[in-house]
Number of protein chains: 2
Amino acid sequence: MAPPVTLKHIAEEVNKTAVTVSKALRNHPDISKKTREEILRVAERMGYTPNLIARKLSSKSTRSIGLIVPHIAHPFFAQSIEAIYDEAHRREYDIILMLTGEDDGLEAQHIQSLLSMQVDGFLISVSETTKDISIFQNILNRGKRLVFFDRVMEGLDCSRVVCDNYQGTCDLVTFAIKNGYQEIGYIAGYSNNYIGRERRHGFEAAMTNAGLKIHPEWIIEGGFSQKDGYQGFMKLKGNGPLPKLIATVSYNVAMGVMKAIEEAGLTIPNDIDLIAFGDSEFNHFLNPALTVSRLQSREMGRRALDMLIRAIDLDDSESTEIVVPTELIIHDTGLNKKIERR
Amino acid sequence: MAPPVTLKHIAEEVNKTAVTVSKALRNHPDISKKTREEILRVAERMGYTPNLIARKLSSKSTRSIGLIVPHIAHPFFAQSIEAIYDEAHRREYDIILMLTGEDDGLEAQHIQSLLSMQVDGFLISVSETTKDISIFQNILNRGKRLVFFDRVMEGLDCSRVVCDNYQGTCDLVTFAIKNGYQEIGYIAGYSNNYIGRERRHGFEAAMTNAGLKIHPEWIIEGGFSQKDGYQGFMKLKGNGPLPKLIATVSYNVAMGVMKAIEEAGLTIPNDIDLIAFGDSEFNHFLNPALTVSRLQSREMGRRALDMLIRAIDLDDSESTEIVVPTELIIHDTGLNKKIERR
DNA sequence: GTGAAAGCGCTAACAA
DNA sequence: TTGTTAGCGCTTTCAC
């Protein structure tokens, strides 16, 4: 295989030096139009491809940002990541994506790799298992910018873009209450975790605001997955008489609950009703489709990237927070009226 | 911000040269255990982070591969990409992911960028709009390895990992036929495209093998999206009496068809039945859940990466093809018996 | 076992 | 407008 064409090769071809060629190819104003055009032509003809590795080393600028998330096969992440990529492309930044699979060790490893790759900043949605703050502190100490999105790290003064976990849940549950529901259960996430706690508070606020009694035996703690939802409903059922409506901490949990409800031979929404925080693209194909508080995934991704790049460009280390509201999407549940199955 | 620690700084600290430090940190056998341990300790203490950009330039090896796909918010891509990342991590390669959004211009741009980044190879699922082969030929001409997965480029002798579009569709339709269906329609993708054509042939083969008549007015060409499915059913309905069962070229198309069927006031599977090529994680929550030919997304991703790395390591430019079979997943449709709605 | 020399391909600063 | 010099941080080769 022919060795790649470099600036020097082009320089020889046009009887100029590598510096001149370098400038010409980058449209540096130094170079005369005539020379530039000749160089461009020759470079094209020779099939020149700039070596970004060398350019980055020399210029000490990478225009790249590290993106770390737990998964991509997940409605929120898939969409927010797409938005981040789109926006980064528009601003001529490269994204280097790494996946943790909810493994904090891997997360720390990826941060090291990305630091080694000299990224200008980090966009991180932390893994469920992450406890140690020092890795993130380390990023900040090196003068790199860091923005958390959705899954933030607590105890660290750092920029973040989150959805309105509290208000979103409160609105969702309030909607059901306004429709006449009073006996409401909640399948919660872990409350030692920011998102789980915020959403749970939103649930409790909705109940309290409406003067309704919160039944501790109707609040089940667990994780955020389908399996957790399934098990959550089982526990709930074991606790005695069921509530009339269940709200869940996440869409995945609602799916697990739905499965368990079906297996129990009950019907949604007539026997027991179900609403959820979150959403999925397939929701409106379900029967019944769930009333949900939907995250603005793309918007969150876009704004997180925007915030990061702004911090990089302005060399601004202030921490800011953006709370993106959720949207209440009303479908066939949480309505408290018997509906005819389609 | 303190300037980053380099090999030279460590070298000064331990009264050795940068070369020695470099070797020690990479566990080069040259270095004595004593020296290495001291260097490791000092590097740790000083918070040394290797500069990968410099290392890559100097060593002329990046151990990274470019991954180009149309989307990630898509069941197949999300899963296959996760598998690719996992496998790459295991083999200590970096993945640089770029998204085209089905835009062939962007695709070409990304290929250029990745070449500039000196990736060792490419893993590509081409965009729907891509026509021009020369960009891919260009990769090969530079001696880089390229493996297509799922969405392959025709007219190019190149390695690929695909699912069994033909057999998967044939098996799916044959299943319904064995259950007694005879009047079967097909909402196809574009037939000027590899995938669309293969699947359509699979449909036709199933019909022909069973000695059934293929009604041209029951085969509707279109794209692969939900919208295409919706419109496809509308067209089908406009063509006169409906078939008893519809098979679709993709799961998304089936979703569109499902919506259109519902809006037409018909019921699946009793009024008209529906089966699909593809799958989604939410399928079993649908009522009815569709009988489908499922792609082994993770397996396909894993094998594509494996094939690529093998080609890179062995410096092998032979083209090979892997066809990963699909799995017939039987749910509530394609059974040709009246079922009680849950 | 350690280090000196050279260079990866490019760019920044300055000189001509 | 163009070129010279120097160096980015690291690795490779080869001499000691």
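The figures that follow rest on heavy atoms only: side chains count, while hydrogens, waters and symmetry mates do not. Residue numbers begin at 1 in each chain, while the letters A, B, ... track the order of the sequences.
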Next on the checklist: Any heavy-atom pair between the side chains of A/Leu67 and A/Ile96 that's under 4.5 Å?
Outcome noted: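 In short, these two side chains do not touch, never coming nearer than 4.5 Å.
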Checklist entry - Is A/Ile95 close to A/Leu305 at the side-chain level, that is, under 4.5 Å between some pair of heavy atoms? => result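 Yes, their side chains come closer than 4.5 Å.
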Which of [range] sit near DNA chain C, with a heavy atom under 4.0 Å from it?
range: residues 43-63 of chain B; value: B/Leu57, B/Ser58, B/Lys60
range: residues 20-38 of chain B; value: B/Thr20, B/Lys23, B/Asp30, B/Ile31, B/Ser32, B/Thr35
range: residues 6-17 of chain A; value: A/Thr6, A/Leu7

Next on the checklist: Which residues pass the ring pair (Phe, Tyr, Trp, His ring centres under 6.0 Å) test with A/Tyr85, not counting sequence neighbours?
Outcome noted: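 Partners of A/Tyr85 under the ring pair (Phe, Tyr, Trp, His ring centres under 6.0 Å) test: none.
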Item to check | For B/Phe76, ring pair (Phe, Tyr, Trp, His ring centres under 6.0 Å) partners two or more places apart | outcome: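 Counting only residues at least two positions away or on another chain, B/Phe76 forms no ring pair (Phe, Tyr, Trp, His ring centres under 6.0 Å).
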Checklist entry - Step by step, would you call B/Leu99 with B/Leu106 a side-chain contact (heavy atoms from CB on, under 4.5 Å)? => result CA-CA 8 Å; B/Leu99 308 178; B/Leu106 201 48; over 6 Å; no
Checklist entry - When you look at CZ of B/Arg91, are more than 12 heavy atoms from neighbouring residues, nucleotides or ligands closer to it than 6.0 Å? => result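 Check passes, neighbour count above 12.
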What residues, two or more places apart in sequence or in another chain, satisfy side-chain contact (heavy atoms from CB on, under 4.5 Å) together with [X]?
X: A/Ala18; result: A/Leu7
X: A/Lys23; result: A/Val19, A/Arg26, A/His28, A/Asp30, A/Ile31
X: A/Pro75; result: A/Ser280
X: B/Glu37; result: B/Lys33

Checklist entry - Between B/Ser125 and B/Asp150, is a side chain to side chain donor-acceptor pair (under 3.5 Å) present by the stated rule, with each step listed? => result CA-CA 6 Å; B/Ser125 217; B/Asp150 192 50; 4.6 Å; no
Checklist entry - Using the C1' atoms of the five pairs at each end, what is the angle between the end axes of the helix from C/dG1-D/dC16 to C/dA16-D/dT1, to 10°? => result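 For the helix from C/dG1-D/dC16 to C/dA16-D/dT1, the axes at either end differ by 30°.
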Checklist entry - Restricting to pairs with a member in residues 91-126 of chain A, which pass ring-ring contact (aromatic ring centres under 6.0 Å, His included), not counting sequence neighbours? => result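 Output for this query lists A/His110-B/His89.
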Next on the checklist: Between B/Glu87 and B/Ile309, does the side-chain contact (heavy atoms from CB on, under 4.5 Å) criterion hold? Intermediate values first, please.
Outcome noted: CA-CA 10 Å; B/Glu87 186 68 7; B/Ile309 291 185; over 6 Å; no
Item to check | Positional range of nucleotides in DNA chain C within the contact set of chain B, heavy-atom, under 4.0 Å | outcome: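 Answer, 5' to 3': C/dG1 to C/dG9.
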Next on the checklist: Would A/Arg151 pass as a cation-pi partner of A/Phe77, given that its NZ or CZ must be under 6.0 Å from the six-membered ring centre and within 45 degrees of the axis?
Outcome noted: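 No cation-pi geometry.
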Checklist entry - Is there a donor-acceptor contact under 3.5 Å from the side chain of B/Glu102 to the main chain of B/Glu128? => result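 Looks like yes, one N/O pair under 3.5 Å.
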